Undergrad: 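A single structure is presented below for examination.
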Amino acid sequence: MLRLQGEMIRGGTSKCWIFGHHDVVATGVDADTLLLAAYNAADPRQIDGVGGASSTTSKAAIVQISAEPGIDVEYAFAQVGIGDERVEWTSNCGNCATAVALYAVHNGLVRITSDSTTVRMVNVNTGARLSGTIPTPGRTVTDEGTAAVPGTAALGVPVLLGFEDPAGSTTGRALPTGRTLDTLTGPTGPVEASLVDAGAPAALFEAKAFGLQGTEFLAEFAAAVPALTVLRRQAALAMGLAKENDPVSHAVPKVGVVARPSAYRTTDGTPVGQDEYDLAVRMVSMHAPHPAIGLTSAVALATAAATPGTLAHRVARQTADGTLRLGTPAGVITAQAVPAAEGASPTVLLHRAARRIVRAELLVPVLEGRPA
C-alpha cells in the first residue's frame, strides 16, 4: 500500500486531483500505474478509488516549480480511464489549469506580492502556455469566493484564465491541414469538417449534418456521439495526431458540432434567448456529451469563429470586440480574444472559479508495480 499526498480542487466544471511531482516520484511507482490504482480505473464505477466515474471527474495534474524563465509552474495533465486501464497524456484541460493556479498560490509555488497574483504555467503535454490570475487581497489567498460559472451553482475563488498564443500549440499550425474545410468519412458517408489547433486540436462539424440544431439536451445530442467518435479518429489521422496503427485516442482531438444561435433551454431548464449568445455548440468529452464545454475547446472555437472559411465562422454571429458567447448545455460561456505581440496569436481569456475541496493522503493499492 502506497501513500500519496494530494488535493482535490474543483476548477470550473471539473474536479481535478493535484499532486506534487516530488510526491509522485517518492512513491517509486510510475505515474500511470499510480493513477490507475488510485482512481480504480479498471472499474467503470471507479468505486474503489478517488475517480468520479465521469470524464469531468477522472482527471489529475502533476505539478512542480518550473526552471524555465518566465514560467512559475509546469504541470502534466492526465485523463484517467473509466473502465479502461489507460491514462491519456496527450491533451490539456483548462479547468484543471484553473485548479493548478489555485494550488500553486496556496502551496507557495509562486510569490504573492500584491492584491492580485498571476501564476504563469506551461502544460508539458502540449507545450501550451497559460496564466491564471487570482485575487490575493492583503497578500493572502482565501479558500472561499463568490465567483460562479455556468454548469455548477457552486461558488469559488475567481480565476482569470489566459491561453497565450494558443494557435498551433500541438501541431504547429492553427489549421493543421492548411485548409479551413476538409471532408472526412463518417459512418454514413462524407462530412464537412473544420480542423483547428488552438488551445487543443479540435474537429468541428455543422450540427445539421447530423440532423441536429446544436441546442439539444444532452440525451438528444448523445445520439450523434457514435458517429462523432468515428470522425474523431478520421480527424486525428488527417491532422497528423495519429498514424493508422496507433491506438485510438478518445481525448484528442476534441470533437463537437456548431450551429447558428437559436432559443433553447439549459440542462437546468433556464431559457436562453437567440440574442444572448453568438454560437451554439455541443461537444463530446471522451465517450459522452460534455455537460458544458472544455476550456481548450472554447479556445479552439474562438479561433475557428474568427477564421473566415471555417464552419464556425460560417454560423457564428461576429462581434467587434473579440468576444464570443458560446451557447452550451450548461449556459453561456464567454471567451475574449486579446491582441498579442506581433507574430503571436491572440490571447484568449475566460473567467473561471475554483475551490479547494480536500487535502488528503491517498492509500493506493499497488502490488509489485502493478495496480492491485
Side-chain angles (χ1 to χ4, degrees), residues 12-14 55-56 93-95 149-151 163 166 180-181 191-225 227-229 231-232 235 253-268 270-286 288-307 310-319 322-337 348-352:
T13 53
S14 293
S55 64
T56 55
C93 172
N95 279 321
V149 294
F163 289 78
T180 55
L181 289 177
V191 183
E192 273 193 325
S194 288
L195 308 179
V196 181
D197 177 13
L204 305 174
F205 304 88
E206 271 205 82
K208 66 180 183 182
F210 305 90
L212 301 173
Q213 298 295 316
T215 55
E216 283 77 11
F217 287 112
L218 296 177
E220 298 170 292
F221 176 53
V225 170
L228 289 168
T229 299
L231 288 163
R232 171 164 45 204
K254 310 297 183 183
V255 62
V257 302
V258 295
R260 298 183 188 280
S262 62
Y264 76 100
R265 288 186 178 273
T266 66
T267 302
D268 67 5
T270 302
V272 179
Q274 177 179 343
D275 295 332
E276 295 181 53
Y277 68 106
D278 307 308
L279 179 65
V281 57
R282 296 292 182 268
M283 299 296 295
V284 175
S285 180
M286 300 293 281
H290 197 294
I293 187 172
L295 299 194
T296 53
S297 297
V299 174
L301 281 158
T303 300
T307 305
T310 67
L311 295 175
H313 186 274
R314 179 189 296 176
V315 297
R317 180 185 294 116
Q318 299 298 314
T319 63
T323 61
L324 180 70
R325 299 170 299 171
L326 299 168
T328 80
V332 177
I333 294 173
T334 300
Q336 183 176 15
V348 178
L349 300 175
L350 299 113
H351 291 272
R352 308 307 288 164

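Only heavy atoms go into these numbers, but all of them, side chains included; no hydrogens, no water, no symmetry mates. Keep in mind that this is a model prediction, so the values were computed, not measured.
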Undergrad: Tell me whether Gln213 at atom CD has more than 12 heavy atoms from other residues, nucleotides or ligands lying less than 6.0 Å away.
TA: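 Incorrect, the count does not exceed 12.
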Undergrad: Identify the two heavy atoms, one from Thr13 and one from Ala292, that lie closest to each other, and give their separation to 0.1 Å.
TA: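 The pair with the smallest heavy-atom distance is OG1-CB, 4.3 Å.
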Undergrad: Give the C-alpha distance, both sets of side-chain angles, the deciding distance and a yes or no for side chain to side chain contact (heavy atoms under 4.5 Å, CB included) between Leu204 and Thr310.
TA: CA-CA 9 Å; Leu204 305 174; Thr310 67; over 6 Å; no
Undergrad: Going through the checks in order, is the side chain to side chain contact (heavy atoms under 4.5 Å, CB included) test met by Asn95 and Thr56?
TA: CA-CA 9 Å; Asn95 279 321; Thr56 55; over 6 Å; no
Undergrad: Look up atom CE in Met286 and atom OG1 in Thr229, then write down how far apart they are to the nearest 0.5 Å.
TA: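 It is 10.5 Å, given to the nearest 0.5 Å.
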Undergrad: Output yes when Arg282 and Glu220 qualify as a salt bridge under the 4.0 Å nitrogen-oxygen rule, no when they do not.
TA: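 Salt bridge flag = no for Glu220 with Arg282.
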Undergrad: Using the side chain to side chain contact (heavy atoms under 4.5 Å, CB included) criterion, which residues pair with Glu276? Sequence neighbours excluded.
TA: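 With sequence neighbours excluded, Glu276 shows a side chain to side chain contact (heavy atoms under 4.5 Å, CB included) to Val272, given in chain and number order.
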Undergrad: Can you tell me if His351 has over 12 outside heavy atoms packed within less than 6.0 Å of its NE2?
TA: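 Not buried by this count: 12 neighbours or fewer within 6.0 Å.
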Undergrad: Please list, chain by chain and in numerical order, all residues satisfying salt bridge (charged side-chain N to carboxylate O under 4.0 Å, His left out) with Glu216, sequence neighbours excluded.
TA: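 Salt bridge (charged side-chain N to carboxylate O under 4.0 Å, His left out) list for Glu216, sorted by chain: empty.
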Undergrad: Of the non-hydrogen atoms in Glu206 and Val315, which two are nearest, and what is the gap between them?
TA: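 Closest approach of Glu206 to Val315: OE1-CG1, 3.5 Å.
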Undergrad: Any heavy-atom pair between the side chains of Val196 and Thr307 that's under 4.5 Å?
TA: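 Side chain of Thr307 against side chain of Val196, heavy atoms only: no contact under 4.5 Å found.
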Undergrad: Hey, could you give me the CG/OG1 distance between Leu301 and Thr296, rounded to the nearest 0.5 Å?
TA: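 Reported value, rounded in 0.5 Å steps: 10.0 Å.
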Undergrad: Of all heavy-atom pairs between Thr303 and Ala198, which one has the smallest distance, and what is that distance?
TA: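 Where Thr303 meets Ala198 most closely, the heavy atoms are OG1-CB, 3.2 Å.
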Undergrad: Under the side chain to side chain contact (heavy atoms under 4.5 Å, CB included) rule, what do Thr328 and Met283 come out as? Steps first, then yes or no, please.
TA: CA-CA 9 Å; Thr328 80; Met283 299 296 295; over 6 Å; no
Undergrad: Does the side chain of Pro289 reach to within under 4.5 Å of the side chain of Val225, using non-hydrogen atoms?
TA: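 A side-chain contact exists here, since the closest heavy-atom pair is under 4.5 Å.
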Undergrad: Any side-chain to backbone donor/acceptor pair from Arg260 onto Gly214? Under 3.5 Å, distance only.
TA: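 Absent.
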Undergrad: Kindly write out the residues that satisfy salt bridge (charged side-chain N to carboxylate O under 4.0 Å, His left out) with Arg265, not counting sequence neighbours, or none if the list is empty.
TA: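 Testing Arg265 for salt bridge (charged side-chain N to carboxylate O under 4.0 Å, His left out), a comparison that skips the adjacent residues, returns none.
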Undergrad: So which heavy atom on Pro291 is nearest to which on Pro329, and how close?
TA: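 In this case the closest contact between Pro291 and Pro329 is O-CB, 3.5 Å.
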Undergrad: Please step through side chain to side chain contact (heavy atoms under 4.5 Å, CB included) for the pair Leu228 and Phe221, ending with a clear verdict.
TA: CA-CA 11 Å; Leu228 289 168; Phe221 176 53; 3.8 Å; yes
Undergrad: Write down the atom of Ala259, the atom of Ala207, and the distance for their closest heavy-atom approach.
TA: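 Result for this residue pair: CB-CB, 4.1 Å.
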Undergrad: So which heavy atom on Thr334 is nearest to which on Leu350, and how close?
TA: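 It is O-CD2, 4.0 Å.
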Undergrad: Please name all residues satisfying side chain to side chain donor-acceptor pair (under 3.5 Å) with Arg325, sequence neighbours left out, ordered by chain then number.
TA: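 Side chain to side chain donor-acceptor pair (under 3.5 Å) check on Arg325 returns Asp278.
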Undergrad: Between Ser194 and Leu311, is there a donor-acceptor pair closer than 3.5 Å when you use the side chain of the first and the backbone of the second?
TA: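 Side chain of Ser194 to backbone of Leu311: a pair is present.
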Undergrad: Taking side chain to side chain donor-acceptor pair (under 3.5 Å) as the test, write out the residues that go with Ser262, two or more places apart.
TA: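 Applying side chain to side chain donor-acceptor pair (under 3.5 Å) to Ser262 gives none.
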Undergrad: What pairs with Tyr277 under ring-ring contact (aromatic ring centres under 6.0 Å, His included), at least two apart in sequence or on another chain?
TA: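 Residues passing ring-ring contact (aromatic ring centres under 6.0 Å, His included) with Tyr277: Tyr264.
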